Amino acid sequence: MNKQQRTGESEKDDDGAGILCRFAHLVFPYLEPAGLASVSATCKVLHVVSKAITSSRISDASRCLENYPIPFFNSVDSELYANFIYSPVQTLPTSPSIPWGGGSGRVKPDPFLVRVEGAYGCDCESCDLDSGSNCACMDFSELPTRECGPSCCCGLECGNRLTQKGISVKLKVVKDRRKGWSLCAAEFIPKGKFICEYTGELLTTEEARNRQRLYDKLSKSGHFSPALLVVKEHLPSGNACMRINIDATRIGNIARFINHSCDGGNLSTLIVRSSGALLPRVCFFSSRVILENEELAFSYGDTTVNSTGAQCFCSSACCSGILPAEHT
């Protein structure tokens with residue numbers, strides 16, 4: 001092979017590498033960690049691109065879909081980040097998947113999955129409590145359970161849409177040797193502050209039970225952590241119970257990393273309703289002052305302890321040693 005031939009082949013390699021570099025950002029965000037690692041080992045160009053994507057994933061679990069980046073920190077093992085699809089709002093199992101990759105410039109999804117046509121909403125110009133508003137949607141209790149919604153005339157800047165504006169506190173996801181990934185405060189958080197909503201796939205009760213049976217089998221290996229939340233609310237009549245099934249195992253937000261604490265933790269769980277929205281949302285507020293670097297936690301439930309359930313590592317004074325479990 002003469003020098004001219006070698007030069008021609010080198011130029012072709014450079015052109016191929018350039019094409020890969022230009023289009024990798026369109027393909028690589030769809031790759032899971034194992035796939036990304038495999039591609040990274042094929043050539044120097046893809047290694048550089050893969051490394052940049054991995055760094056981006058570590059730096060922000062929310063894919064730029066929240067107000068602040070939510071980084072991963074792991075000094076325990078080699079897992080750099082948790083692999084899941086981020087969604088800041090409730091979603092249906094049939095909804096299209098949002099791939100890994102930067103969400104910068106992406107319009108945030110509508111927080112209301114299903115709207116009620118013709119529903120009544122307020123026509124206030126300002127719904128701020130401090131302005132003396134008499135908004136019919138407003139809840140004047142310490143923590144809001146009712147907010148303005150899609151049937152109201154006010155916009156997102158309304159003061160009675162606290163839980164609809166995304167996460168407003170700085171958080172981080174930290175790997176614990178016994179608990180696995182956990183959500184921690186990255187700054188001082190005062191009492192009564194909105195932390196986040198629990199988002200994920202909204203399931204029927206039948207689908208939730210089917211998935212729970214599957215998750216129970218997978219969990220026996222010790223390398224699988226499901227995030228299926230079942231919330232039951234007794235209606236005012238006392239004769240019925242409303243059930244909400246939210247599965248954040250595959251699709252969800254950073255609430256999936258909040259661990260259980262037998263003493264109730266430092267978070268309050270509220271069911272928040274919005275005018276014109278059919279479905280309520282499960283939201284977390286700080287129940288007390290939370291210090292920087294402190295782990296966030298709440299009680300998974302007061303159900304009868306199951307002796308065959310997973311071990312609890314909350315380390316609270318009243319820890320039962322077993323995570324709460326109930327028939328889904």
Side-chain angles (χ1 to χ4, degrees), residues 1-88 91 93-109 170-177 180-184 186 199-201 218 221-227 248-254 256-257:
M1 183 182 295
N2 58 39
K3 183 177 180 181
Q4 185 175 2
Q5 287 176 318
R6 288 197 299 270
T7 301
E9 289 186 1
S10 176
E11 289 176 351
K12 288 180 180 179
D13 290 341
D14 289 342
D15 290 341
I19 292 173
L20 286 173
C21 190
R22 285 198 299 272
F23 291 100
H25 71 284
L26 298 176
V27 179
F28 283 21
Y30 290 88
L31 298 179
E32 294 189 358
L36 191 62
S38 298
V39 172
S40 174
T42 57
C43 70
K44 290 182 179 180
V45 173
L46 296 186
H47 174 74
V48 172
V49 177
S50 299
K51 186 176 180 180
I53 291 176
T54 298
S55 297
S56 175
R57 293 181 177 185
I58 294 172
S59 66
D60 187 9
S62 76
R63 288 67 154 174
C64 301
L65 287 173
E66 299 292 357
N67 298 315
Y68 298 106
I70 305 170
F72 288 98
F73 293 93
N74 184 0
S75 59
V76 174
D77 54 36
S78 61
E79 187 180 16
L80 300 176
Y81 56 88
N83 182 45
F84 70 106
I85 300 169
Y86 198 92
S87 177
T91 183
T94 55
S95 297
S97 299
I98 303 173
W100 268 103
S104 181
R106 182 184 294 145
V107 177
K108 292 186 178 181
K170 295 181 180 179
L171 305 168
K172 58 185 177 181
V173 183
V174 181
K175 190 69 171 289
D176 181 86
R177 191 174 300 278
W181 293 110
S182 58
L183 187 64
C184 299
T199 71
E201 297 175 276
L218 295 174
S221 66
H223 302 287
F224 181 77
S225 299
T249 305
R250 188 177 69 92
I251 302 174
N253 67 348
I254 46 86
R256 70 196 299 277
F257 298 115

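This structure is a prediction, so every number in the text was calculated from the model and none was measured.
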Do any N or O atoms from the side chain of [X] and from the backbone of [Y] form a donor-acceptor pair under 3.5 angstrom?
| X | Y | result |
| --- | --- | --- |
| Ser182 | Val174 | yes |
| Thr54 | Ser50 | yes |
| Arg250 | Ala248 | no |

Mind checking salt bridge (charged side-chain N to carboxylate O under 4.0 Å, His left out) for Lys175 and listing every partner two or more places apart, or none if nothing turns up?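 Only Asp77, Glu79 meet the salt bridge (charged side-chain N to carboxylate O under 4.0 Å, His left out) criterion with Lys175.
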Which atom pairs, one a donor and one an acceptor, fall under 3.5 Å between side chains of residues 34-46 and the rest of the protein, sequence neighbours left out?
from, atom 1, to, atom 2, distance (Å)
Ser38, OG, Ala34, O, 3.1
Ser40, OG, His47, ND1, 3.0
Thr42, OG1, Val39, O, 2.6

Would Tyr86 and Ile254 count as a side-chain contact (heavy atoms from CB on, under 4.5 Å) if you check the C-alpha gap in whole Å, the side-chain angles of each, and the deciding distance to 0.1 Å? CA-CA 8 Å; Tyr86 198 92; Ile254 46 86; 3.9 Å; yes
To check you understand the geometry: which heavy-atom pair defines the closest contact between [X] and [Y], and what is its length?
| X | Y | answer |
| --- | --- | --- |
| Leu171 | Pro71 | O-CD, 3.6 Å |
| Asn83 | Pro33 | CG-CD, 3.4 Å |
| Arg256 | Ala227 | CB-CB, 4.1 Å |
| Asn74 | Trp181 | CB-CH2, 3.8 Å |
| Ile70 | Ser62 | CD1-CB, 4.3 Å |
| Thr199 | Pro88 | CG2-O, 3.3 Å |

Quick one: pull up [atom1] in [X] and [atom2] in [Y] and give me the separation to the nearest 0.5 Å.
| X | Y | atom1 | atom2 | value |
| --- | --- | --- | --- | --- |
| Ile53 | Leu31 | CD1 | CG | 7.5 Å |
| Ser59 | Phe72 | OG | CZ | 10.0 Å |
| Ile85 | Glu201 | CD1 | CD | 8.0 Å |

Can you sort out the partners of Pro226 under side-chain contact (heavy atoms from CB on, under 4.5 Å), two or more places apart, ordered by chain and number?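 For Pro226, the residues satisfying side-chain contact (heavy atoms from CB on, under 4.5 Å) (neighbours in sequence not counted) are Tyr215, Ser219, Phe224, Thr249.
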Below 6.0 angstrom between ring centroids: does that apply to Phe73 and Tyr81?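 Between Phe73 and Tyr81, the centre distance exceeds or equals 6.0 Å.
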Assess Arg57 against Phe84: is NZ or CZ under 6.0 Å from the centre of the six-membered ring, and within 45 degrees of the ring's axis?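 No.
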